Structures are given as structure tokens and as C-alpha cells.
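Small disclaimer: the values here were computed from a predicted structure and weren't measured.
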Amino acid sequence: MHPFQKFRLECERLTQQHLPGARLEVPPKEIGADLAFPCFAHAKELRQSPADIAREKVKPIVGEIMFSPLIRKVESSGPYINFYANWEMLGKLIVNDILKQKEYGKGKRKNKTVMIEYSSPNTNKPLHVGHLRNDSIGMAVSNVLDYCGYDAIRTAIINDRGIHICKSMYAYRQWGNNKKPDKKPDHFVGDFYVLFEQKLKENPDLEQRALELLRKWELGDKKTRTLWKHMSMWVLRGMKETYKRFGSKFDFWTFESDIYDKAKPIIEEGMRKRVFLKNEKGDTVAKLEPELPNKVVLRADGTSIYITQDLVLAKMRFEKYKLDKLLYVVASEQNLHFQQLFKIFALLGCSFSRKCHHLSYGLVNLPTGRMKTREGTVVDADELIAEVAGLAAAEISKREKSLPKKETAARAEAIALAAIKYYLLKPEPVKDILFDPQRSIDFEGDTGPYLQYTYARARSILRKSKKKPRLGKGHYQDKEIAVVKKLGQFPEVIGKCSAELKPHFLANYLFELATMFNEFYHTTQVIGSEREQELLALTKAFTDVLGTGLRLLGIAPLEKM
Ligand code: ARG
């Protein structure tokens, strides 16, 4: 049990002796108390005003807290009973716990498996900035779940078939002159997709040409398949490079081309159960009205559409991996898709229908407006990483003129990735983002680099001191208590992140923690202080928690910056 939990339990035990069932809350910061009990719920039963209840019930509790060393003070304030912790003692316990456990707040293995599907690109063009947000969320959520004791399986579905793929293929066949990639291969292929869209504006017939190619592909036409293989390979080779650079990791990938034609049994099951019907055109349609729009799940000619693969895939995943949960990290543009998909599972009576969750996230805009490949204004992932790395390198050179080139580049890379990931993780997933590259690398702002910088500074204190961290008496001053309190919240924050699947809680927490540490650091001399060892222990605990938190967000803590 974490120290703050011990404190909570003790306060709760005392309160419940006089107010059965009472649950304590963490009051807003301005109150200054650590826990509070609002007496409103008991007013009716006791026929007293909440303020009277608070005033009366606090009395016996006051008498008892002297046997509870973790509680410093209890008092009534209007309708509330407020508890104050003995932070000298609690603080020591927290710092001790952090220094003793290698991974503070890490959960026991739960024997529950969660699959996280994220990124899931199409193989007709390179990754864009939306994928960077997707990957940041996917990785952070996987890491946090794993830390909390779940077995996390990281996967992606590679959408490598369909009309959009055939468009790039068509353009290459017509205008590519059998050229081999002369640039990063996913960009090479992406250029043909853009070219197709351009030519389509002049010649609407091209849509038909692409469809013909798709039909040929579905029939297994040799030439078409060979071209497709080559182009898919190019794209994936390019994407793997980007994933490696960005740190996106997967346990395995599934390819749509391997599963798209395996829908027969589930389509038949749907027909049998009358969840699916044939419409007048002969398409197979899932009947979801009036709650949701009906949904075509298979075309009359037997060809699959986007949702067909998802019907097959979910079943496969649950059967093969005995999942307790399946998370889809996919942009909010597909909210309806997933509502329909999950509804279909429910109607089919699939036992896993309640175990599916769409982790939806908003758009990433850049100051120039919404990006779309078709308009040619897409913000490419590689370009964005390079741009931010350039900005970071410039900032480093300003600060440390004599740093060798190689070291500057390595640091710039780590800082750029931190900048991007943090910027994309900080807002709640549902919110849209306006990505501002310059702001993202501000060493003094609410940014990834600021966290890395604070980490590096704290680490340098530990390096410079000749003494060893030791707990000491725990006579913490105000600013130190603020840090310690915040440190003590780490396990709860991680728990909340994993329960709500929202990594922004962790991002914001780390920023507050770092800010508090900086306030302490700016006003307190650690090296040379009489309490040097105790303050070193606090500093070490801080770097441990911040380091762990950053790693969970997929951000590298830096020793030097
Ligand atoms: N490749 C799709 C896209 O780019 C996303 C796939 C999402 N995953 C899924 N199981 N449907 O829009």
C-alpha cells in the first residue's frame, strides 16, 4: 500500500466510526487540507445541517488522532471535515518507497491481456502527423497498462488492399517508367498517389481504371500482384524507418490482404441471425436503424469493404489471444465506424462485444490548416520530425556553442521526439490539436524538452554532490513538501491513466511535478546544505519518478542537456 493510501485508510476508518459509509475526497488545492469529508449525504438521515454534523462529529475524531501518527490535524470547516497529513512522516515514507522500489507504483501482474491496435497505416502513402499522435497515444497507453500489470499486446492492421492502394499502383504503372525508388520509398510511392489525384481532376475516368485494377488484384492477376508486392514492400520499408526513429514498437502486424476474404462464416452467421439482410442491389447490409445508420458489410459482387476486415479481425484476435480487452486507437473521424462495428458484434451476440473499445482522438492541425493528401498539403511525419529536430539543434547550439556536432545531433533528435510526443499527448485525446513546432521545443514552456531539462538538472545535482542520498529526519520545508506530496500521487495518477485510457493525465502530472521541483531548486541550495543528504534523497526520488513517467510516455530522459 502506498503511504498516502495508508493515510487515507486511517482517516476513513476514523470517520466511519462516527459516520458509517463515509468516503473521503481530495479537496481542491485552495483548501489546503489533504482529504475531506463532505457531510451533505448524512443530513437527511441525521436531521441536521451538514455544518452541524461536521462540527459535532469532528470532536471525537480529534480525540483519537493522537494514536494515528500519519494524521497531523483534523477540523471542521462549514459542511466539511478536513484532514491534514503529517507530511514529515508521510514524506519520509514516500521518498523511502521510491528509493527502495525500482519502479514506484508498478502494479502486480493481473493475468489479463489487453491488445492495443494503433497506427494501422494504409500502404499507399507515408505516415502523416496524425499517425504521430496515434502512435504517441498507442505507445503511452500500452506502456501504462503494462506498468499497471496488464499483458499488453501491441499490434497494427496494415491496410494494404483496396481502391486507394490501386490508385498509387495505377499512377506508377502509367507514369512511373518502372523507376526504382530514388528517395525514401514510402514517399516515392506516396508521390504516385498524389499524382493520381491530380490527374483524376483532369480525367474523371481514372476512377474506373483504378477500380479495374482492384478487380484484377482481387482475381489474383499475376502482373498486378507483382506490382502490388513491390509497392507495398517499398512503403513498408519506408514506414519501418519512421517507426524506428519515432520509437513505435509492435509485437506483430496483421495484413488486410491476408484476411479480407475470410469473412464468409461471419457473413453467413449474420444472415442466419437476421442481423444482416440483402438490399435491392444485393449488398449485404447490417440492420442498425433507428439507433445508427445501416451499414453495408459486403458488396453485391462479393468484394469486401473497410468494415468487412474488422468483422473478421476482432473474432480472430479474441480467439487467438484470449483477450480481456481490445483497444482501437483510431482518429475520431471513424467514431461512427466503430459504433456500428461494436453494435454489429452485440447484435451477433459475440461475447467480446463489450470488451472492444475505440480510443478516439482528435485531429492534428498545423497552422496552415487541415492536412489532406488529396490537396497535397499533407503534413508528413518525417518532415515534421526533421523540422523539429532542426529547431532543437539550433536551440542547443545557442546554449552550448562548443558541443561536438555528433552530440548535438543526438541530443536534438531526443529533444525533438520529446517535443512532438509531449505536445501530442498533453491535451485530452478527444481534443483537436494545433501543432506549433516552435512552441513544442520551448525549454521553458509546458513542453517535453522542459521536462527533459528539469530531469537533466536534477541528475546533475546528484552527479556533482560528493555525498550519498539518505532519508534524514524528514524536516521538509514547504516547497519540499509540495514536491513530496506530488511524488506520492504518482501511483494514483498512473492508475487513473490506465483506468480511463488517457495518457494526458500523466503528461500533466509530470509537468506539475517538474514545476514544483524547479520552485524548490530555485530557492534551495542542495549541495553544501546541512541537509544535503536528505535533499539528495528527495532529488533522487524526483528523478526516479520523472524518469519513469517520461519513459511511460515514450520520452527519453536525458542525463545532460
Ligand atoms: N488504416 C485505417 C486508416 O488509415 C485505420 C485502421 C483502423 N483500424 C481498424 N481496425 N479499422 O483510416
Evaluate V430 against S332 for side-chain contact (heavy atoms from CB on, under 4.5 Å), listing each step before the verdict. CA-CA 7 Å; V430 299; S332 55; over 6 Å; no

If you define the side chain from C-beta out and look only at heavy atoms, does anything of [X] sit under 4.5 Å from [Y]?
X	Y	answer
V483	Y476	no
D324	V114	no
L535	F520	yes
L553	L510	yes
M139	F246	yes
I555	L417	no
L132	L127	no

Check this for me, if you would: do [X] and [Y] make a salt bridge, where the nitrogen-to-carboxylate-oxygen distance has to be below 4.0 angstrom?
X	Y	answer
E269	R272	no
R72	D34	no
D442	R439	no
R109	D146	yes

May I ask you to decide if [Y]'s main-chain N or O and [X]'s side chain share a donor-acceptor pair within less than 3.5 Å?
X	Y	answer
R8	L35	no
R457	Y521	no
N134	V329	yes
S76	I81	no
K287	N294	no
H18	V58	no
H2	F4	no
Q533	K468	yes
E492	Q489	no

How many angstroms lie between [atom1] in [X] and [atom2] in [Y], if you round to the nearest 0.5 Å?
X	Y	atom1	atom2	value
K486	F517	NZ	CZ	16.0 Å
T515	L451	OG1	CG	8.0 Å
L506	L550	CG	CG	8.0 Å
R133	Y361	CZ	OH	8.0 Å
T539	L546	OG1	CG	12.0 Å
I344	L311	CD1	CG	5.5 Å

Check the pair N518, Y450 against side chain to side chain donor-acceptor pair (under 3.5 Å), reporting the backbone distance first and the verdict last. CA-CA 11 Å; N518 277 323; Y450 167 78; 2.8 Å; yes

Quick check: closest heavy atoms across [X] and [Y], and the distance to 0.1 Å?
X	Y	result
A22	E12	O-CG, 3.6 Å
I116	G138	CG2-O, 4.0 Å
L46	K57	CD1-CE, 4.2 Å
G270	L348	CA-CD2, 3.5 Å
N82	S77	ND2-CB, 3.6 Å
L323	R317	CG-O, 3.8 Å

Salt bridge (Lys or Arg N to Asp or Glu O under 4.0 Å) partners for [X], two or more places apart:
X	answer
K106	E103
D432	none
K479	none

Do we see a donor-acceptor contact under 3.5 Å between the side chains of [X] and [Y]?
X	Y	result
E532	S465	yes
Q340	K343	no
S360	N335	yes
Y422	Q452	no
Y84	E75	yes

For residues 37-45, run the donor-acceptor check on the side chains, cut-off 3.5 Å, and write out each pair with its distance to 0.1 Å, sequence neighbours left out.
unit_1 : atom_1 : unit_2 : atom_2 : d
H42    : NE2    : P20    : O      : 3.2

[X] atom [atom1]: more than 12 heavy-atom contacts under 6.0 Å:
X	atom1	answer
K431	NZ	no
K110	NZ	yes
R470	CZ	no

Show every ring pair (Phe, Tyr, Trp, His ring centres under 6.0 Å) that has at least one partner inside residues 315-334, sequence neighbours left out.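 Listed once each, the pairs are F252-Y321, F318-F352, Y328-F338, Y328-F342.
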
Stepwise, does the side chain to side chain donor-acceptor pair (under 3.5 Å) test hold for D97 with Y104? CA-CA 7 Å; D97 269 10; Y104 184 55; 5.0 Å; no

Going through the checks in order, is the side-chain contact (heavy atoms from CB on, under 4.5 Å) test met by H357 and L327? CA-CA 5 Å; H357 178 83; L327 304 180; 3.7 Å; yes

The criterion is side-chain contact (heavy atoms from CB on, under 4.5 Å); which residues satisfy it with R463, sequence neighbours excluded? R459, S460, E559, K560

